[in-house]
Asker: 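The structure that follows is given in the form of structure tokens.
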Amino acid sequence: MKKFLLAALVAASMLVANAATTPIYLDESLPIEQRVNDLLPRLTLDEKLAIIHAQSKFSSAGVARLGIPTFWTDDGPHGVRPDVLWDEWEQAGATNDSCVAFPALTCLAATWNPAIARRYGVSLGEEARYRGKDMILGPGVNIYRTPLNGRNFEYMGEDPFLASQMVVPYVQGLQSLGVSACIKHYALNNNEHERHTTNVIVDDRALHEIYLPAFKAAVQQGGAWAIMGAYNLYNNQHLCHNQVMLNDILKRQWGFDGVVVSDWGGAHDTWQAIHNGLDMEFGTWTDGLSEGAKNAYDSYYLALPYKKLLQEGKVSMATLDEKVRRVLRLMMRTTLATRPRGSMCSNEHYQTARDVAAEGIVLLKNDRGLLPIDPARHRRILVVGENAIKMMTVGGGSSSLKAQHEILPLDGLRQRLEADGVTVDYARGYVGDPTGEYNGVTTGQSLKDDRAPEVLIAEAVEKARHADLVIFMGGLNKAQFQDSEGDDRKDYALPYDQGRVIEALARANKNLVVVNISGNAVAMPWRKQVPAIVQGWFLGSEAGTSLARILVGDDNPSGKLPFSWYERLDDCAAHSVGDYPGTKRANENIWDEHYREGIYVGYRWLDKTKRRPAFAFGHGLSYTTFAMSKGKITGQDGNYTATVTVTNTGQRAGSEVVQLYITDVKSSVDRPAKELKGFKKVHLQPGESRVVSIDITPDMLSYYDASQHRWVAEPGEFIARLGTASDNLPIALKFTY
Ligand code: BGC
């Protein structure tokens, strides 16, 4: 007994000693603000400055003396980017940085399934943790304003509501691992052309109704811990240090308590960086070596130049402390938190990649029920096109990855079909981009083919004549001027004269399927000659498996377009009334770009001008059929519920997305004919019915009143339109607010 008492006394005294020696800032049981308050005064000026700017390409300093680790960021957003050298973009040559490449964010948006966005975030967070990353540079939610934008594949489409619904769970999933999201590129970064020198001019209403909601949702509902300023300008100020966007809107109006990170090389001026909302500077002088006496990072705007101004008393310590406070808060949430260890390349992660693809691939057209492939009838299949054999995880800019594996579409199809005795032949059809390298990661593929276009087409046509089914796999790729960072596409047409190949194949074989791999819509002048069209996106590691599963019908397509697929580029407002890509000022290297279409982006513009797209926003077919009951609306005083019963009337299990759009019947301001304000995806067995209810609240009825700087819902009559695509909304339910 005595012995036990003694032991208890010793243990108790150790606890007291521990409590006395564990500094408050390391005590995770205490509120974060209390820990930050404790830590801040312990830092020297140099330590404070060190943690607000980079010390290498992708890291910023911790404070070793206080047990605060280095902070590691990495791209983002489709997988964890391989490690580059400390000061250069070239590969570090690590052998443990091969990852799972998840489908691109356009594909995720096309799932219209927030639950799968959360899984995406969790899987990515696990990979990031295993790789020792504290922040993933993503996801991106810039609005799809023109199909020429080289980075649309990294974003979530044209609609602010859809993007908001999809970004929130991604952020929450990622951050549940103790890995910070970094929402990008805030904001108005809607094209890549002249991205450092474009000054966007947009009215306040469009800013708040179209371009900001997804960022706001990521911050307020998703609780994002960081956001990345965009390269371009707004209000004649670069967006990485922009008074209106960062201080007024993000921090003051939205109450953002996280960190504003500069895009790599997006900071341009010390005074502005100090005062206009930037908290952490990365990537300045991106060669990393050309500036500064001993260390380029000392010359960063927020490094020695900042110190000099502080020492001269020209700027306040309070402003620095505010930045440091935000960075310390980020550390409490990440590097100073007890976090799961994560995992890499697990079966679960590959399953997530396949499931996102299965739900995101869009069946655009399927005349005569040509798809799915029927191994009993389609005994000889011909695959044509470079995208069937080209790796897509390498290239495209900062989202480029080093995937542990990437299953090519042709291989995926062969693996799936040859077991059923189907022969799958291949013809190149055209030569696009035979290279495959990004920042020192090479695909190892040899895609060189010197044959003339006529020879390639003749070969494909000859083989097509003897096939039961022909699958053309083309589209865009990640080469410059395609779906790639730093530049936009030069035109809307498919590159490399693919249209010619498709038309020749359509003449040779009536059973033609076109699979378009891209993050953007493309012109399809041959659309009517092709019975089946599939939008295949960039699908990552499991591309081939995923496409095969959809084409054969192992997975029933349920993806819906997250953007309008214009017939012609001129149908897009940015190119007809907008002045994309802007006009260069006479004596200055600044391009002013007027978003003259205002709020009329995507289907809002098509509705207003009564144009029909090739494929509408929200469109996507299935191998089964669905029916909807009449629907009803209940509720009053601003809280309503729209209800409809959906039935799977076909022979296969499948998923349908019930979409709800609101029309304000009479308004004191000009309003879009309809706007997406709710959706639900339901999975149904053949014959099964499900009641789907979608709540409608006053914020869904409101518009942004720029003169009052607030959202306004005007009393009066509204219509809730329900259906399965923006051009297929058979149910109209009137209600009064
Ligand atoms: C891109 C960012 C990226 C950063 C770091 C920039 O060029 O715009 O999206 O996160 O580089 O790679």
Side-chain angles (χ1 to χ4, degrees), residues 53-60 71-92 97 99 104-106 124 128 131 133-142 149-156 167 170-171 174 179-198 215 218 224-233 238-240 259-268 278 280-288 297 300 393-402 438-441 478 480 483-488 519:
H53 67 83
Q55 61 165 8
S56 76
K57 278 268 162 280
F58 284 98
S59 72
S60 56
F71 188 85
W72 282 99
T73 71
D74 206 358
D75 287 295
H78 306 139
V80 187
R81 184 177 178 171
D83 292 331
V84 294
L85 290 172
W86 188 259
D87 259 337
E88 286 162 63
W89 289 110
E90 286 311 301
Q91 291 304 296
D97 58 355
C99 66
L105 293 194
T106 32
L124 181 60
R131 288 270 308 283
K133 309 298 180 190
D134 307 306
M135 175 190 282
I136 286 293
L137 304 172
V141 285
N142 290 102
N149 180 13
R151 285 188 95 169
N152 276 340
F153 71 102
E154 291 183 66
Y155 301 143
M156 298 196 186
V167 72
Y170 177 118
V171 171
L174 177 63
V179 176
S180 178
C182 186
I183 314 302
K184 66 194 192 183
H185 306 88
Y186 181 74
L188 298 169
N189 185 187
N190 308 98
N191 52 255
E192 287 292 289
H193 181 74
E194 292 294 338
R195 63 177 175 170
H196 294 276
T197 47
T198 294
F215 288 101
W225 297 333
I227 198 164
M228 183 188 286
Y231 277 139
N232 51 303
L233 300 90
H238 277 101
L239 280 152
C240 288
V259 170
V260 174
V261 174
S262 75
D263 198 346
W264 269 230
H268 299 274
L278 181 64
M280 267 179 135
E281 179 186 356
F282 280 91
T284 307
W285 302 300
T286 51
D287 68 356
Y297 302 96
Y300 271 37
T393 53
V394 176
S398 54
S399 63
S400 182
L401 295 170
K402 184 164 116 190
Y438 186 79
N439 273 174
V441 176
K478 303 277 190 75
Q480 199 189 8
D483 281 322
S484 185
E485 184 177 334
D487 261 302
D488 288 344

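Counting convention: from 1, in listed order, for ligands and their atoms alike. All residue numbers refer to positions in the sequence shown, counting from 1.
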Asker: At a 4.0 angstrom heavy-atom cut-off, what protein residues surround ligand 1?
Answerer: Phe58, Asp75, Arg81, Leu137, Arg151, Lys184, His185, Arg195, Met228, Tyr231, Asp263, Trp264, Ser398, Glu485

Asker: Parallel, tilted or perpendicular: which one describes the rings of His185 and Tyr155, with boundaries at 30° and 60°?
Answerer: perpendicular

Asker: When you compare the side chains of Glu485 and Ser398, does any donor N or O come within less than 3.5 Å of an acceptor on the partner?
Answerer: yes

Asker: Report the relative orientation of the aromatic rings in Phe282 and Trp264; use parallel for angles under 30°, tilted for 30 to 60°, perpendicular for over 60°.
Answerer: parallel

Asker: Taking the basic N atoms (NZ, or NE/NH1/NH2) and the acidic carboxylate oxygens, is any pair closer than 4.0 Å for Lys402 and Asp97?
Answerer: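 Between Asp97 and Lys402 there is a salt bridge, with a charged N closer than 4.0 Å to a carboxylate O.
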
Asker: Tell me whether the rings of Trp72 and Trp86 are parallel (<30°), tilted (30 to 60°) or perpendicular (>60°).
Answerer: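 Rings of Trp72 and Trp86: perpendicular, over 60°.
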
Asker: In chain order, what residues pass the ring pair (Phe, Tyr, Trp, His ring centres under 6.0 Å) check against Tyr438, with sequence neighbours excluded?
Answerer: none

